[in-house]
Q: 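Provided herewith is a single structure, encoded as structure tokens, for subsequent inquiry.
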Amino acid sequence: MGTWPDGPAVLEIVVPAHNEAGRLPAGLGLLCAKLAGFPVRSEVLVVDNASTDGTDDIVLSWDGGPVPVRLVRCARRGKGAAVRAGLLATRAPYAGFMDADMATDLAALDEAIVLLREGRPVVVGSRRHGRSVVQGYSLPVRRLGAITFNRIVRDLAGGIADTQCGFKFFDGPLARAAAADLRTEGFSFDVELLAHCVRRGASVTDIPVVWRDRPGSTFSVRRHSLQCLLDLARIRVRAGRAPAGRAPAGPALPPVQIVDVMPGPVAPTVKPG
Ligand SMILES: Nc1nc2c(ncn2[C@@H]2O[C@H](COP(=O)(O)OP(=O)(O)O)[C@@H](O)[C@H]2O)c(=O)[nH]1
Ligand SMILES: [Mg+2]
């Protein structure tokens with residue numbers, strides 16, 4: 001369809017991607033098809049996170065029909081670093097991110113955009129919402145880990161029961177401000193990002209999702225759990241030390257190099273970090 005009035009995108013969706021040549025084509029296909037019929041003009045920003053499998057070439061040659069698909073390069077590894085780079089590259093009134101495997105059914109975008117336009121500053125998918133349908137929600141050990149993880153950080157992240165679902169949408173300026181403050185590069189970044197929004201007075205609205213486990217997860221319980229817990233501890237300690245309403249002390253992640261490749265020629269820019 002793509003019958004929106006002319007003008008800049010109203011919604012920008014960041015897709016972090018590290019070596020996603022296998023899963024990205026199907027994911028981008030679903031996302032562009034959904035956005036082509038969406039009520040607001042939307043764009044996709046794929047953040048290539050130091051991939052070595054040609055993920056960037058897939059994005060560069062992607063024809064999203066009426067939906068522009070841009071490439072942002074992030075040399076710094078980690079989902080947190082990648083999402084941060086992507087959010088800082090957005091300009092739209094609303095911005096969010098989704099995993100490359102599109103494990104969260106895109107139907108949730110319909111509710112998300114309605115709530116954002118009603119003025120909800122943060123809208124996140126929750127697999128623990130009473131009306132969610134979850135198929136194959138990971139191994140029991142990971143599920144238990146996720147529940148424990150959420151218990152530890154619930155108060156920081158606006159009281160929601162699932163901070164880790166890869167489906168989060170924001171008021172655009174809020175997302176950019178929260179991303180600029182982000183320090184966590186790995187998988188625990190969601191908690192810190194939400195905490196930066198809550199600290200600014202934003203409420204967090206969780207919505208039901210249909211979530212299907214997809215093969216090829218890049219998260220490994222063995223390799224990533226310890227780092228996640230250490231990061232959580234750091235987030236909690238920093239939040240405890242910061243005066244009410246103020247950003248925790250210490251440097252945020254360094255500036256990101258943003259390379260806009262689509263659409264049209266846009267000069268590379270360095271955004272403050
Ligand atoms: N593991 C990992 N994932 C990354 C990185 N950078 C971006 N990502 C993306 O983060 C998303 C994680 O989703 P997924 O692998 O499905 O993990 P899961 O759904 O949490 O099991 C994917 O889109 C990855 O490509 C990175 O450095 N490491
Ligand atoms: Mg996944």
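Counting convention: from 1, in listed order, for ligands and their atoms alike. Since this is a predicted model, take the numbers as computed values, not measurements.
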Q: Looking only at side-chain N and O atoms, does Thr163 offer a donor or acceptor that is under 3.5 Å from a partner on Asn150?
A: yes
Q: Are Arg23 and Asp99 close enough for a salt bridge, meaning some N to O gap below 4.0 Å?
A: no
Q: Listed by chain and number, what are the ring pair (Phe, Tyr, Trp, His ring centres under 6.0 Å) partners of Tyr94, not counting sequence neighbours?
A: none
Q: So that I can check it, does any N, O or S atom in Asp101 come closer than 2.8 Å to the Mg ion (ligand 2)?
A: yes
Q: Give a yes or no on whether a salt bridge exists between Lys79 and Asp190, defined as a side-chain N under 4.0 angstrom from a carboxylate O.
A: no
Q: Answer yes when Arg236 and Asp155 have at least one side-chain N-carboxylate O distance shorter than 4.0 Å, and no when they do not.
A: yes
Q: For ligand 1, what is the set of protein residues having any non-hydrogen atom at a distance below 4.0 Å?
A: Pro16, Ala17, His18, Glu20, Arg23, Asn49, Arg77, Gly78, Lys79, Asp99, Ala100, Asp101, Arg142, Phe187, Ser217, Thr218, Phe219
Q: Strictly below 4.0 Å, N to O, side chains only: are Asp110 and Lys34 in salt-bridge contact?
A: yes
